[in-house]
Each structure stands twice: as C-alpha cells, then as structure tokens.
Chemist: 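Starting off with a structure, shown below.
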Amino acid sequence: MDHHSLKQLFPTADQIPEAHRLREPLHQRVSVLDGELVTWDGECRTVLSPICVRHADGSVRQMDIGSVPVMGVEHSDQALAAAVRAWDHGRGAWPTMSTAQRIACMQDFTRQMAAQRDTVVRLIMWEIGKSLADSRKEFDRTLEYIEATIAALKALDNDASRFAQAEGFAGQIRRTPLGVVLCMGPYNYPLNETFATLIPALLMGNTVVFKPPQYGTLLFAPLLEALRSAFPPGVVNTIYAPGSLVVPRLLASGQVNVLALIGSSRIADHLKKQHPKSHRLRAVLGLDAKNAAIVLADADLDLAVRECVAGALSFNGQRCTALKMLLVHRSIVKPFLQRMGEAIAALKLGMPWEDGVQITPLPGPHRTAYMDEALRDAQSRGARVLNDGGGDSCVTLYRPALVYPVREGMQLYREEQFGPLVPVADFEDVEEALQYVVTSEHGQQVSLFGQDPAQLGALIDPLVNQVCRVNLNSQCQRGPDMFPFAGRKDSAEGTLSVTDALRAFSIRSMVAARQTEANTRLLNAIAAQHHSRFVHTDFLF
C-alpha cells in the first residue's frame with residue numbers, strides 16, 4: 001500500500017460519521033487547584049489529533065481538536081503548595097480520614113466519572129488514535145480497576161483490624177500514607193495507566209499533584225469537576241505545563257514524597273537526582289521494555305503467529321508490554337515469516353471508528369519519522385522488509401513492517417521502537433535467545449512458544465530471574481490486574497497490581513504497648529469509643 005493509497009484512508013471532513021464527530025473543538029481553560037476550578041487566561045497549546053483530514057487542495061493535515069493551557073512554574077508551585085497544605089505533615093483531613101470515608105469519596109468520584117463515559121471515550125479516540133472499541137475497553141477497564149482496588153483496600157484494612165500479640169506486647173499494624181505524590185501518566189493508556197497510580201495513591205490517603213500526559217490531555221477535562229468535588233480541597237491538583245520546565249523544580253523542592261511515573265528510564269533517572277534527599281523519595285515507575293518472544297523449533301506455528309501479531313501490533317505496538325523482538329528457531333523461521341507476513345497483510349488499516357480496524361494513526365508525524373529512521377538503519381545494515389508495503393507512511397498512518405534479519409548493532413535489535421515495526425532474528429542454539437534476554441537493559445516480560453515441557457522448564461528457571469513474567473504460548477500482557485505488574489533492570493521500580501499498588505503508596509505503621517492491665521483497658525477504650533481512626537477494630541463490608 002503506497003503513500004497515495006494510505007492517503008485515501010483518511011476521510012474528508014464530510015466523510016467523518018456523524019455519530020463519531022467531535023461536535024466542536026474542546027478548549028480547556030480550567031485546572032483543579034486547592035478544591036477550586038481555576039480559570040486560565042494565559043498561553044495555550046493547540047491539540048492536534050492523530051486523525052488527518054483530506055482537503056480539496058490534495059493536502060492531508062491533522063485535525064485541530066482543541067487546546068490546553070501552557071502553564072509555568074508559578075502554577076506548579078501553587079499546585080504543590082496546595083497538596084502540601086492538604087497533607088499538613090500527615091495531619092490533614094484526607095490523610096487522617098478513615099478508610100471507609102476515603103472509599104466513599106472514591107465511590108462518589110467513580111459515579112461522576114461513569115456519567116462521562118461517552119465523552120471521555122470519544123476524546124481518547126480522537127486524541128491518541130486508539131480504536132473506538134479499545135477506547136471503550138480502556139474506560140471500562142479503568143472503572144473495573146477502581147472497584148477492584150477498593151475491594152483490595154477493604155481486605156487490607158480488615159486484615160489489620162485486630163491486635164497482634166508478641167513477647168508481652170500488643171500492637172495494631174496498619175498501612176499509612178507517604179505524603180505528596182507527583183503523578184504522571186503515559187499517552188498510550190492515558191486514562192488506565194495514569195489511574196493505576198493515581199487511584200491507589202489517593203485511596204491510601206496521599207495528596208496528589210497530577211500532570212496529564214502531553215498526548216491525551218483533553219480527555220481528563222470532563223473529569224476535572226469530579227476530581228474537584230469528590231475529594232477535600234488540595235487533595236488533587238492538576239498542572240498543565242511542560243514537564244522539562246516544572247517537574248525538576250517540583251522534585252528539587254524536597255516536598256514531593258512519591259514520584260509516580262510511566263515513562264522512560266532515562267527521564268526517571270534524571271528526575272530522581274533532582275530531589276535533595278533522594279532516600280526520602282519513593283519511586284513507583286513503569287519504564288522501558290523490549291519484550292522478546294522466543295519461538296522454539298516445536299512451537300505451534302499457527303498459535304505463535306497469532307499471538308506474535310497481536311503482541312507486536314495491538315494498538316500499533318504502542319504498549320510497554322508489546323512484543324518488540326521476535327527470536328525464532330532457524331529451522332522454522334521461513335514458514336514463520338511467511339505466515340507472519342500473511343497475517344500482517346490481513347490487518348485492517350483505517351480510522352479509529354471503523355469496525356474491525358487494527359492499525360490506526362500514530363500520535364504525530366514525529367513518530368512516523370522515528371519508524372522511518374529505525375527502518376532505514378536496519379536496511380542499511382542488511383535487514384529487509386518482507387511484507388508488501390511495509391514501512392509505507394502518510395503523515396500519521398504507518399503500514400507495519402516485518403523486518404528480517406535483525407542483528408546486534410541495529411537500532412531495532414536493542415532499542416524500544418514503540419510502534420508498528422516487527423523485528424525478527426533467528427537462532428540455532430536456544431542459548432543465543434537466552435543471552436539476548438540476559439544481556440538486555442530491560443527486564444519486564446518474555447513469551448515462550450513451544451511444546452516440550454523439559455525444554456520450557458529449563459528456560460523458565462533462568463528467565464524468571466531476568467524478567468518479572470514469563471508467558472507460555474501467549475503474548476506479553478499486563479492483566480489480569482490482580483497479577484503483579486513489575487520489571488527488573490531498567491523496566492520498572494515498584495510493583496503494580498490492585499494490592500501491590502496500595503502497598504507501593506503506603507508504609508506500615510503501628511501502635512504498640514506492653515500488655516499490662518492498664519494498657520489493655522486503654523487500648524480497648526480507644527478502639528471501642530472511636531477516639532482514633534488508626535486504632536480500631538471495625539470491619540468494612
């Protein structure tokens with residue numbers, strides 16, 4: 001499919017289905033600050049959609065879908081100050097609130113959020129080019145995640161609603177908040193991944209400064225009133241400013257207790273160094289990944305191809321859990337590549353609202369340019385594009401490319417492409433494939449495709465010490481949300497799941513006393529008469 005054919009996949013303005021149109025550009029002019037929606041009248045940034053429109057003059061241009069504030073250090077300072085006041089050294093209304101009360105606030109937010117489903121889904125689709133079906137899935141999965149996190153919090157709290165006894169002491173041990181959290185999410189799952197840190201941070205009693213991602217900013221506009229009204233003043237504060245300008249300053253203040261970032265390890269390393277007392281900064285990080293698939297000689301080819309295509313190209317390969325390197329045994333590499341090429345050719349390219357669409361526009365031309373650069377580099381070093389039209393592009397639409405053979409020294413061999421390039425290398429000895437994972441800077445997941453239990457078992461044992469999830473005969477993935485989501489090396493810091501995330505944004509604290517008759521009466525009175533929100537034996541249903 002050449003440039004002209006790709007161009008024809010973009011609609012003219014009147015070809016956009018009425019049901020999926022943005023009625024008018026959304027010009028966001030407010031932020032949440034200290035419990036108020038504060039109006040912004042300064043500089044703003046135009047938001048361009050990945051979706052382009054064909055014009056009468058033959059040009060193809062990204063659609064202008066709105067604008068967002070471009071704030072500076074003054075506003076970020078105000079947002080941080082509001083969060084610090086709401087925290088108040090752990091004495092604020094939110095950190096001292098009972099678990100049941102915080103859950104009630106979160107349920108209020110969830111009700112308000114659910115009412116905005118159609119608007120938020122439409123904005124996800126238009127802002128990042130995610131298919132309508134996957135945009136709906138992201139929204140619904142986020143609501144399910146919140147409900148599961150609330151259930152996990154109730155279980156944690158109930159487990160702590162008794163006194164532990166040891167060596168003549170009685171104590172109650174509970175998880176308590178850490179302080180002020182700086183929360184930043186990614187563009188590929190702007191709602192779900194952001195809320196995977198924001199929600200547990202809030203439920204544990206922390207206050208938050210929230211910076212939406214650069215791509216996927218407008219979609220939070222319909223939720224700002226809910227963030228303002230569901231929580232006490234200062235608990236959630238939003239900033240719309242260049243991260244390079246304000247984030248180092250926020251951390252250098254020493255008043256941020258937790259950095260929650262889904263992004264790159266290079267940026268995370270730089271930011272952590274800005275804190276004056278880095279040992280006081282807890283980091284919850286989801287970072288780079290270069291997940292490999294190892295396809296063994298006895299693999300079920302139909303299964304392996306199906307999983308590898310989905311793993312490499314779901315949402316255009318723009319997932320940290322995507323399969324970004326395919327290592328295939330030399331004895332089956334030819335039939336594997338043939339079937340992969342056929343499967344990729346069958347993928348539907350088009351606009352996000354089209355039924356069955358699988359490849360949609362990338363966030364901007366800069367991403368298309370990166371794919372071109374990585375592909376040219378591989379070709380200059382001996383790799384070939386095996387599928388017809390692979391690597392063709394038009395503005396933001398990019399035809400997936402199956403690239404082989406990819407070798408050490410090529411960008412695609414080690415660098416995370418985060419897009420629709422599918423690099424393949426072959427191996428003769430499985431030790432070669434194992435060494436690829438061992439020598440990688442990343443350590444999130446790996447997929448193994450094969451049928452010999454002895455060989456798979458022998459690979460599992462070293463691989464679980466290199467990555468945090470080994471997937472047998474299936475693509476790499478995050479879910480279910482009850483499973484731990486983590487990474488080794490440069491891929492993550494901290495573990496996220498509905499329970500692990502609650503632990504990540506809290507610390508165990510306790511109240512203890514010698515088991516004398518007087519102390520027993522004292523503890524019983526505190527608990528029974530509800531003098532403390534920490535010391536209690538209530539049960540949450």
Side-chain angles (χ1 to χ4, degrees), residues 28-29 31-33 38 40 42-48 50 66-84 127-128 180-190 193-194 197-198 201 208-221 236-278 280-289 318 320 362-370 373 415-416 418-419 441 490-493:
Q28 182 191 327
R29 293 294 182 269
S31 63
V32 181
L33 179 64
V38 178
W40 173 256
E43 180 187 354
C44 291
R45 169 176 64 84
T46 298
V47 177
L48 296 176
S67 58
V68 292
V70 178
M71 299 172 174
V73 296
E74 180 181 356
H75 186 87
S76 69
D77 288 350
Q78 292 172 349
L80 177 60
V84 169
E127 272 201 274
I128 65 170
V180 175
V181 176
L182 173 58
C183 180
M184 295 181 286
Y187 80 81
N188 59 333
Y189 286 87
E193 290 281 10
T194 300
T197 56
L198 180 68
V208 173
V209 176
F210 167 40
K211 181 187 174 304
Q214 180 181 1
Y215 303 101
T217 306
L218 278 177
L219 64 93
F220 289 99
V236 180
N237 308 276
T238 59
I239 56 172
Y240 299 88
S244 59
L245 175 67
V246 301
V247 175
R249 179 184 176 94
L250 289 168
L251 290 166
S253 72
Q255 295 180 302
V256 172
N257 304 101
V258 186
L259 171 62
L261 169 69
I262 312 294
S264 79
S265 57
R266 179 183 57 81
I267 291 173
D269 289 344
H270 170 70
L271 293 179
K272 288 172 68 176
K273 292 173 184 174
Q274 307 309 306
H275 201 286
K277 294 188 176 181
S278 58
R280 292 191 180 187
L281 180 70
R282 179 172 295 192
V284 182
L285 309 173
L287 305 173
D288 323 298
Q318 298 174 119
C320 64
L362 302 178
H366 66 294
R367 293 303 301 159
T368 308
Y370 173 82
E373 175 195 327
E415 202 169 285
E416 181 185 26
F418 215 74
E441 294 295 320
D490 287 347
S491 286
E493 184 172 342

Chemist: Could you give the distance from SG (Cys183) to CD1 (Ile239), rounded to the nearest 0.5 Å?
Modeler: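 Answer for the SG-CD1 pair, Cys183 versus Ile239, is 10.5 Å.
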Chemist: Just so I know, are the side chains of Leu285 and Lys272 near enough to count as touching, which here means a heavy-atom distance under 4.5 Å?
Modeler: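 With C-beta onward as the side chain, the pair touches.
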Chemist: Tell me which donor-acceptor pairs under 3.5 Å the side chains of residues 213-221 have, and how far apart each pair is, sequence neighbours excluded?
Modeler:
unit_1, atom_1, unit_2, atom_2, d
Tyr215, OH, His366, NE2, 3.4
Thr217, OG1, Pro213, O, 2.4
Thr217, OG1, Gln214, O, 3.3

Chemist: Looking at every heavy atom in both Arg367 and Tyr187, which two are closest together, and how far apart are they?
Modeler: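 Minimum heavy-atom contact is NE-OH, 4.2 Å.
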Chemist: Should Leu287 and Glu493 count as side-chain neighbours, where that means a heavy-atom distance under 4.5 Å?
Modeler: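 No, side chains not in contact.
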Chemist: Starting from the C-alpha separation in whole Å, work towards a yes-or-no answer on side-chain contact (heavy atoms from CB on, under 4.5 Å) for Lys277 and His275.
Modeler: CA-CA 5 Å; Lys277 294 188 176 181; His275 201 286; 4.3 Å; yes
Chemist: With a cut-off of 6.0 Å (strictly less than), are more than 12 heavy atoms of other residues, nucleotides or ligands near CZ of Arg45?
Modeler: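 More than 12 heavy atoms, drawn from other residues, nucleotides or ligands, come within 6.0 Å of this atom.
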Chemist: Kindly write out the residues that satisfy side-chain hydrogen bond (donor to acceptor under 3.5 Å, both in side chains) with Arg29, not counting sequence neighbours, or none if the list is empty.
Modeler: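 With neighbours one apart ignored, the set is Ser67.
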Chemist: Can you give each donor-acceptor pair under 3.5 Å made by side-chain atoms of residues 244-259, sequence neighbours left out, with the distance rounded to 0.1 Å?
Modeler:
unit_1, atom_1, unit_2, atom_2, d
Arg249, NE, Asp77, OD1, 2.9
Arg249, NE, Asp77, OD2, 3.2
Arg249, NH2, Asp77, OD2, 2.7
Ser253, OG, Leu250, O, 2.5
Ser253, OG, Gln255, N, 3.1
Asn257, OD1, Val180, N, 2.7

Chemist: How far apart are the closest heavy atoms of Ala79 and Val209, and which atoms are they?
Modeler: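 Closest heavy-atom pair between Ala79 and Val209: O-CG2, 3.8 Å.
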Chemist: Measure across Leu33 and Ala82 and return the closest heavy-atom pair with its distance rounded to 0.1 Å.
Modeler: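 Looks like CD1-CB, 4.2 Å.
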Chemist: Would you say Thr194 and Pro186 make side-chain contact, with heavy atoms under 4.5 Å?
Modeler: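 The answer is yes, as the side chains (C-beta and beyond) meet within the 4.5 Å cut-off.
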Chemist: Could you check if a side-chain atom of Met184 sits within less than 4.5 angstrom of a side-chain atom of Ile267, using non-hydrogen atoms only?
Modeler: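 Of all side-chain heavy-atom pairs linking Ile267 with Met184, none is under 4.5 Å.
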Chemist: Step by step, work out the side-chain contact (heavy atoms from CB on, under 4.5 Å) result for Phe418 and Asn188.
Modeler: CA-CA 10 Å; Phe418 215 74; Asn188 59 333; 3.4 Å; yes
Chemist: For Met71 and Ser31, work out which heavy atoms get closest and say how close.
Modeler: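 Between these two residues, the closest heavy atoms are CE-OG, 3.7 Å.
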Chemist: Output the distance between atom CZ (Arg266) and atom CG (Asp288), rounded to the nearest 0.5 Å.
Modeler: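 Result: 9.0 Å between the selected atoms.
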Chemist: Any idea which heavy atoms bring Pro190 and Ile128 closest together, and the distance?
Modeler: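 Answer, listing the atom of Pro190 first, then Ile128: CD-CD1, 3.6 Å.
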Chemist: I need the minimum non-hydrogen distance between Cys320 and Glu416, along with the two atoms involved.
Modeler: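 Taking every non-hydrogen atom into account, CA-OE2, 4.2 Å.
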Chemist: Just how far is it from atom CG of Asp269 to atom CD of Gln274, taken to the nearest 0.5 Å?
Modeler: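 One finds 11.0 Å between CG of Asp269 and CD of Gln274.
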